[in-house]
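The next block holds one structure in the form of structure tokens; read it before the comments.
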Number of protein chains: 2
Amino acid sequence: MKHESHALSDEKAVDIFKALSNQTRLGILHMLKDPETNFSAQAHVIKEEDFEGGVCVSDIHKKTGTSQSTTSQYLSILLQSGLVETKRIGQWTYYRRNEETIKQLEQYLQFKL
Amino acid sequence: MKHESHALSDEKAVDIFKALSNQTRLGILHMLKDPETNFSAQAHVIKEEDFEGGVCVSDIHKKTGTSQSTTSQYLSILLQSGLVETKRIGQWTYYRRNEETIKQLEQYLQFKL
DNA sequence: TCGATATATCGGTAATTAACGATATATGAT
DNA sequence: ATCATATATCGTTAATTACCGATATATCGA
């Protein structure tokens, strides 16, 4: 049985809006929407490891035009807001969109904003 | 003939997210969703003046818990982002939600984010 | 065990935002 | 013309955010 997604609080929504208030972070979210086309074939997306759509930090870093540390921090901001989720596999940390939160944000806009 | 609402650019979307990244400004937008219940009956919403749903700055100020100047600035931020529209009538400046922009933001979330 | 690679964290400076009180400006009433 | 009310703007300080380079940590391969 799949648990229901409960509605976002205003405080949580503000956190998400803050995370989205930056061109680079918004760009990361865009790229992660279609990893196949946005990242090179040799990107370390290991299908067997059950984290489909995940992209490692260094691949994201190459695309952002910001430093490695900034990329890492931005990913952590996106993570804390719930917009992405993460999994460590070996020496890599993969990030992918959390579509559940994104759906909740859509609902917030439609019904609560 | 009604002109089409064109899609938001990423830059414009970031501006809107910035405007929404603050509890007070988000609260103003919420209040303006239902002016009848959120503002006193004697609020200066003059129907003949053709700006239905508009609420004047001082009425909004009373509800926000911030100073008059902060309220005014926050309204100006919301205005610049396009989330509200404004009309001066006599000595009052009325603000109301710009549902067109809000709809565009919903579309942005659904199709571009 | 020793490097090499991947990522996170720390410590910093510059820029932006939050929020205020004081003041300027615009309008309306007397 | 003068005063009162409504709103905007200015000038300020504190807090937060945008980044960075340097360094710490974790994992892999030889």
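In what follows, every chain begins at residue 1, and chains take the letters A, B, ... in the order their sequences are listed.
- Residues satisfying the side-chain hydrogen bond (donor to acceptor under 3.5 Å, both in side chains) test with B:N22, not counting sequence neighbours, are B:Y74.
- Between B:Y95 and the phosphate of D:dA6, there is no side-chain N or O to OP1/OP2 separation shorter than 4.0 Å.
- Nucleotide C:dT7 holds its P atom 10 Å from the NE2 atom of A:H61, rounded to whole Å.
- Distance check, rounded to the nearest 0.5 Å: CD of B:Q23 to CD of A:E11 gives 4.5 Å.
- A salt bridge (charged side-chain N to carboxylate O under 4.0 Å, His left out) check over residues 22-31 of chain A, counting only residues at least two apart or in different chains, returns nothing.
- The side-chain contact (heavy atoms from CB on, under 4.5 Å) test applied to B:S81 returns B:I16, B:A19, B:L83, not counting sequence neighbours.
- Relative to the side chain of B:V57, the nucleotides C:dC20, D:dG21, D:dT7 differ in distance, and D:dT7 lies closest.
- The stretch residues 9-19 of chain A has no heavy atom under 4.0 Å from DNA chain C, so no residue of it qualifies as close.
- The side-chain hydrogen bond (donor to acceptor under 3.5 Å, both in side chains) test applied to A:E85 returns A:R96, not counting sequence neighbours.
- In this structure, NZ of A:K87 is placed 16 Å from P of C:dA8, rounded to the nearest angstrom.
- With sequence neighbours excluded, the residues forming a side-chain contact (heavy atoms from CB on, under 4.5 Å) with B:E99 are B:R97, B:I102, listed by chain and number.
- Applying the side-chain contact (heavy atoms from CB on, under 4.5 Å) rule to B:S21 yields the partners A:F17, A:K18, A:S21; only residues at least two apart in sequence or on another chain are considered.
- Between A:V84 and the choices A:N98, A:I28, A:L29, A:I77, the side chain to side chain contact (heavy atoms under 4.5 Å, CB included) rule is met once, by A:L29.
- If you take OH of B:Y94 and C1' of D:dA6, they are 10 Å apart, rounded to a whole angstrom.
- Taking only side-chain nitrogens and oxygens, B:N22 comes nearer than 4.0 Å to OP1 or OP2 of C:dA18.
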Assign a letter to each nucleotide of nucleotides 22-30 of chain C from its 5' end: B, base within under 4.0 Å of a protein heavy atom; S, sugar-phosphate only; -, no contact. B----BS--
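- Across residues 70-82 of chain A, A:S72, A:Q73 each have a non-hydrogen atom less than 4.0 Å from an atom of DNA chain C (numbered order).
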If you look only at distance, which donor and acceptor atoms sit under 3.5 Å apart when one is on a side chain in residues 106-113 of chain B and the other is two or more places apart or in another chain?
from, atom 1, to, atom 2, distance (Å)
B:Y108, OH, A:H30, NE2, 3.2
B:Y108, OH, B:D10, OD1, 2.8

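- Under the side-chain hydrogen bond (donor to acceptor under 3.5 Å, both in side chains) criterion, A:T70 pairs with A:S67, sequence neighbours left out.
- Not counting sequence neighbours, the partners of B:K62 by the side-chain contact (heavy atoms from CB on, under 4.5 Å) test are B:D59.
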